[in-house]
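Take a look at the structure set out below.
Counting starts at 1 for both ligands and their atoms, following the listed order.
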Amino acid sequence: MELMRAAQDLAQVQDESGLPGRLAAICGTANVLSGFAQRLPYARDRLPFATFAVRDGALPGTLPRLVVRPADEGEVASILRLARAEDVPVIPFGAGSGVLGGAIPLGGEVTLDLKRLDRLLHLNEVNGLATVQAGMNGGRFEVALNDRGWTCGHLPQSLHMSTVGGWAACRGAGQASTRFGKIEDIVVGLRAVLPDGEVLEVRPVARRSSGPSLRDLLVGSEGTLGVITEVTLRIWRRPEVELPAVLAFPSVAAGLDAARRILQGELRPAVLRIYDEEESAPRAGGLPAFGERPVLGIFQFCGPRRLADVEREMALEIVREAGGIEAGSDAPYEHWLAHRYESYSAKWQNAGHWMDTIEVTLPWDQLSEGHAAMRAAALSLCDGMHFGAHWSHAYPEGACQYMTLRLPPMERDRALRLHREAWDRIQRMTLERGGSIAHHHGAGLFRGPYMEGELGTTGLRLLQAVKDALDPGNLLNPGKLGLRPRAGADLSARGTDR
Ligand SMILES: Cc1cc2nc3c(=O)[nH]c(=O)nc-3n(C[C@H](O)[C@H](O)[C@H](O)COP(=O)(O)OP(=O)(O)OC[C@H]3O[C@@H](n4cnc5c(N)ncnc54)[C@H](O)[C@@H]3O)c2cc1C
């Protein structure tokens, strides 16, 4: 949507319907935002396609009709009841760091900014649990835990620009996931307001055997099934030591072989990162060890010193068997540690490149060949195309392949067509190789077209049936996760019409 059109929309929202007043009666006039400039930051998240649009003076979708900022769960419930009575769609909004367009309005939605729900409610140091309101900033949450000698172990690169509720909603993974687990392993209980305004409480217990997991219905639901208001997470004592290992491997295949055997050998490094040659060069090029072994590995072992020492030693034995060596310099690790929460994309986007990242899950027996094939498929798109990859979340069965793609500066229509073509190729190749289209960024809007391939026709039908049962009016974040949009939805931010 062009900004001028959006500006005109401002006039229309001098809402004749009385909705702003009724929302203000719930959470106060100051917490109902209707001005153009106030709504503009909620018109998009960090979906690169949206960044491309903004760079050209446009919006990826539409402005939200209004933005409302509830103070607590009771206000969230009242807002959803009102929305239901008035047939107004609602988008839950954490910090807007999602990269798949999950928070982008498609037409007529009220955006529900949850950042006022920002308190650490309770720390149970005997059970090792922290209960936190969903809108609390992730970095503030982790610092609050650290101050008391604890960590949550969920440390996404976007730690300081995301909320705890957003982590759960997107089914995310942090940089230390190989040891501490992904968010679905860390969320023990939660509270959520369902589309009819009722509150679902999943009590935090160590485990239950009482039917399908209702917790997992909400974790990963990306705002389509309920508004998460409170999360109880597993926490850990801060590790006594964090021991790095910087490694050089002769090839990607050798690095992945070592990673697989480490995971299958029951070792759990907190950090396990293998970079392909393209990504290794700027991080380690110039260090002597990488002359003959151009593939970089960065590991970190943590916990009680004795345990971390043994894990490191055992992992290094496997590394040597796979042809890797210790690099003799911790510089790449120190650099990663110092910059681990920074985003690199702005530099390229500002210079006119068309940059995006795609993370997928692949089984071990497909990773090395899959990487080569995807690299070839991406590079063949155009001259000057950049493709780099690393593997940073590993399991006994496979790993996440995190790819950075960058088209050089070029004419907009061509770039958008090639950008979508790159996505199509990589998502299709992932499915052909038995992987998952999304490791931790979620599906949002942009991955909607691939959800049937991911879940299967029956799987997607089941998800839609759950959505229809919980939300018959299709009011909560409609059109996301591959689910049915409302009539007249503006789906242009999917970029599929090119
Ligand atoms: C530079 C950068 C690095 C990143 N690194 C990582 C990473 O390492 N690991 C990772 O997992 N992700 C990463 N991400 C993606 C993103 O930060 C995560 O998906 C994050 O969990 C989103 O949280 P948020 O609060 O910003 O959610 P938002 O972007 O505000 O929302 C995302 C989706 O969740 C829904 N939602 C948000 N809050 C709630 C709630 N309380 N209840 C119900 N639905 C809700 C929204 O409707 C939307 O669909 C990165 C993003 C960027 C820009």
Side-chain angles (χ1 to χ4, degrees), residues 41-42 44-48 50-51 64 70 73 76 80 89-106 109 111-118 132-139 141 154-177 182-184 186-187 190-195 200 217-231 271 273 339-346 349 355-357 359 390 392-393 400 402 404 438-448 476-481 483:
Y42 298 89
R44 68 170 181 118
D45 54 13
R46 300 283 292 257
L47 172 73
T51 306
E73 182 181 273
V76 172
L80 291 200
V90 172
I91 302 181
F93 192 98
S97 72
V99 286
L100 271 305
I104 292 183
L106 308 181
E109 292 98 334
T111 293
L112 189 68
D113 182 340
L114 294 154
K115 283 193 286 297
R116 289 177 71 211
L117 280 73
D118 67 349
V132 55
Q133 289 185 310
M136 186 167 188
N137 173 276
F141 172 55
H154 187 77
L155 307 171
Q157 186 190 354
S158 56
L159 180 72
H160 299 285
M161 59 166 103
S162 57
T163 62
V164 178
W167 299 347
C170 291
R171 217 175 150 84
Q175 295 167 345
S177 70
K182 332 297 144 179
I183 200 68
E184 69 271 21
I186 298 172
V187 172
L190 54 79
R191 290 174 67 89
V193 182
L194 301 179
L200 169 74
L217 194 59
L218 270 298
V219 173
S221 61
E222 298 189 35
T224 61
L225 301 180
V227 179
I228 300 169
T229 51
E230 201 175 290
V231 191
V271 175
R273 303 175 73 84
H339 300 280
R340 65 192 294 189
Y341 301 126
E342 291 171 15
S343 164
Y344 299 99
S345 66
Q349 310 288 23
M355 174 170 168
D356 207 342
T357 58
E359 30 58 75
H390 63 263
S392 48
H393 308 270
C400 166
Y402 189 104
T404 299
H439 179 268
H440 58 266
H441 284 164
L445 178 69
F446 205 72
R447 273 190 168 129
L476 214 47
N477 210 4
K480 308 295 168 53
L481 270 186
L483 295 168

Main-chain N/O of Pro48 paired with Asp356 side-chain donor or acceptor, under 3.5 Å: no
Test your reading of the model: is there a side-chain donor-acceptor pair from Gln157 to the backbone of Glu342, 3.5 Å cut-off? yes
Treating Lys115 as the side-chain partner and Gly94 as the backbone partner, does any N or O pair qualify as donor plus acceptor under 3.5 Å? yes
Any heavy atom of Ala173 closer to ligand 1 than 4.0 angstrom? yes
Considering heavy atoms of the protein only, find what lies nearest to atom 37 (C) of ligand 1 and give residue, atom and distance to 0.1 Å. Gly94 N, 3.7 Å
Under 3.5 Å: donor-acceptor pair, side chain of Ser158, backbone of Met161: no
Does at least one non-hydrogen atom of Gly226 fall below 4.0 angstrom from an atom of ligand 1? yes
Is there a side-chain contact between Leu217 and Leu225 (heavy atoms, below 4.5 Å)? yes
What residue and atom, counting heavy atoms only, is the protein's closest point to atom 21 (O) of ligand 1, and at what distance? Gly166 O, 3.2 Å
For Pro105 against Ile91, the heavy-atom pair lying closest together: CA-CD1, 3.5 Å
Tell me whether Ala95 has any N or O atom under 3.5 angstrom from an N or O of ligand 1. yes
Minimal heavy-atom distance between Leu218 and Leu190, with the atoms involved, is CB-CD2, 4.0 Å
Output the list of atoms in ligand 1 that are nearer than 4.0 Å to some heavy atom of Trp167, sorted by atom number. 21 (O)
Please confirm whether the backbone N or O of Thr404 pairs with a side-chain atom of Thr357, one donor and one acceptor, at under 3.5 Å? no
Under 4.0 Å, heavy-atom basis, I'd like to know which part of Thr163 is in contact with ligand 1: side chain, backbone, both or neither. both
Does any N or O in the side chain of Ser177 come within less than 3.5 Å of the main-chain N or O of Ala173, such that one atom is a donor and the other an acceptor? no
Kindly assign one of parallel, tilted or perpendicular to the pair Tyr341 and His160, based on the angle between their ring planes and the thresholds 30° and 60°. perpendicular
Going by the order shown, which atoms of ligand 1 are within less than 4.0 Å of some heavy atom of Asn477? 47 (O), 49 (O)
State the atoms of ligand 1, each with its element, that fall below the 4.0 Å cut-off from a heavy-atom position in Val227. 42 (N), 43 (C)
To the nearest 0.1 Å, how far is atom 6 (C) of ligand 1 from its closest protein heavy atom, and which atom is that? Ser158 OG, 3.6 Å
Only heavy atoms of Ala134, strictly under 4.0 Å: list the atoms of ligand 1 that pass. 41 (N)
Please state which protein non-hydrogen atom is closest to atom 40 (C) of ligand 1 and give its distance, to 0.1 Å? Leu114 CD1, 3.6 Å
Counting only nitrogen or oxygen atoms and a 3.5 angstrom limit, does Val99 reach ligand 1? no
Could you work out, for atom 48 (C) of ligand 1, the closest of Pro48, Ser343, Gly102 by heavy-atom distance? Gly102
Whether the Arg340 and Gln175 side chains hold a donor-acceptor pair (N or O, under 3.5 Å, no angle test) is what I'd like checked. yes
For Thr224, which residues count as a side-chain contact (heavy atoms from CB on, under 4.5 Å) partner, sequence neighbours excluded? Ser221, Lys467, Asn477, Lys480, Leu481, Leu483
For atom 28 (P) of ligand 1, grab the closest protein heavy atom and report residue, atom and distance to one decimal in Å. Gly96 N, 3.5 Å
Sub-3.5 Å N/O-N/O distance, Gln157 and ligand 1: yes
Looking only at distances, can you tell me whether any N or O atom of Gly174, backbone or side chain, sits closer than 3.5 Å to an N or O atom of ligand 1? no
On a heavy-atom basis, the closest approach of Leu114 and Pro70 is CD2-CG, 4.4 Å
Out of Gly223, Pro92, Ala103, whose heavy atom is nearest to atom 46 (C) of ligand 1? Pro92
Element-labelled atoms of ligand 1 that are located less than 4.0 Å from some non-hydrogen atom of Cys170: 19 (O), 32 (C), 33 (C), 34 (O)
My understanding is that we take every heavy atom of each candidate and find the minimum distance to atom 42 (N) of ligand 1. Doing that for Ile228, Val164, Leu159, which one comes out nearest? Ile228
Within the side chain of Asp118, is there an N or O that forms a donor-acceptor pair under 3.5 Å with the backbone of Gln133? no
Can you tell me if Gly444 has a non-hydrogen atom under 4.0 Å from ligand 1? no
At what distance is the nearest protein heavy atom to atom 22 (C) of ligand 1, and which residue and atom is it? Ser97 OG, 3.3 Å
Output yes when the distance from some N or O of ligand 1 to some N or O of Pro156 is under 3.5 Å, and no in every other case. no
Atom indices of ligand 1 within 4.0 angstrom of Gly172 heavy atoms, with elements: 11 (O)
Can you name the nearest heavy-atom pair linking Ile228 to Val231, along with the distance? CG2-CG2, 3.8 Å
Check each of Ala169, Cys400, Ser162 against atom 35 (C) of ligand 1 and report the one with the nearest heavy atom. Ala169
Considering only the protein, which heavy-atom contact is closest to atom 29 (O) of ligand 1, and what is its distance? Gly98 N, 2.8 Å
Anything under 3.5 Å between a donor and an acceptor, one on a side chain of residues 441-448, the other on a protein residue two or more places apart or in another chain? List them.
{"residue": "His441", "atom": "ND1", "partner": "Glu359", "partner atom": "OE2", "Å": "3.3"}
{"residue": "Arg447", "atom": "NE", "partner": "Gln427", "partner atom": "OE1", "Å": "3.0"}
{"residue": "Arg447", "atom": "NE", "partner": "Ile437", "partner atom": "O", "Å": "3.1"}
{"residue": "Arg447", "atom": "NH1", "partner": "Glu359", "partner atom": "OE2", "Å": "2.9"}
{"residue": "Arg447", "atom": "NH1", "partner": "Gly442", "partner atom": "O", "Å": "2.9"}
{"residue": "Arg447", "atom": "NH2", "partner": "Glu359", "partner atom": "O", "Å": "3.0"}
{"residue": "Arg447", "atom": "NH2", "partner": "Glu359", "partner atom": "OE2", "Å": "2.8"}
{"residue": "Arg447", "atom": "NH2", "partner": "Ile437", "partner atom": "O", "Å": "2.8"}

Heavy atom of His441, distance to ligand 1 below 4.0 Å: yes
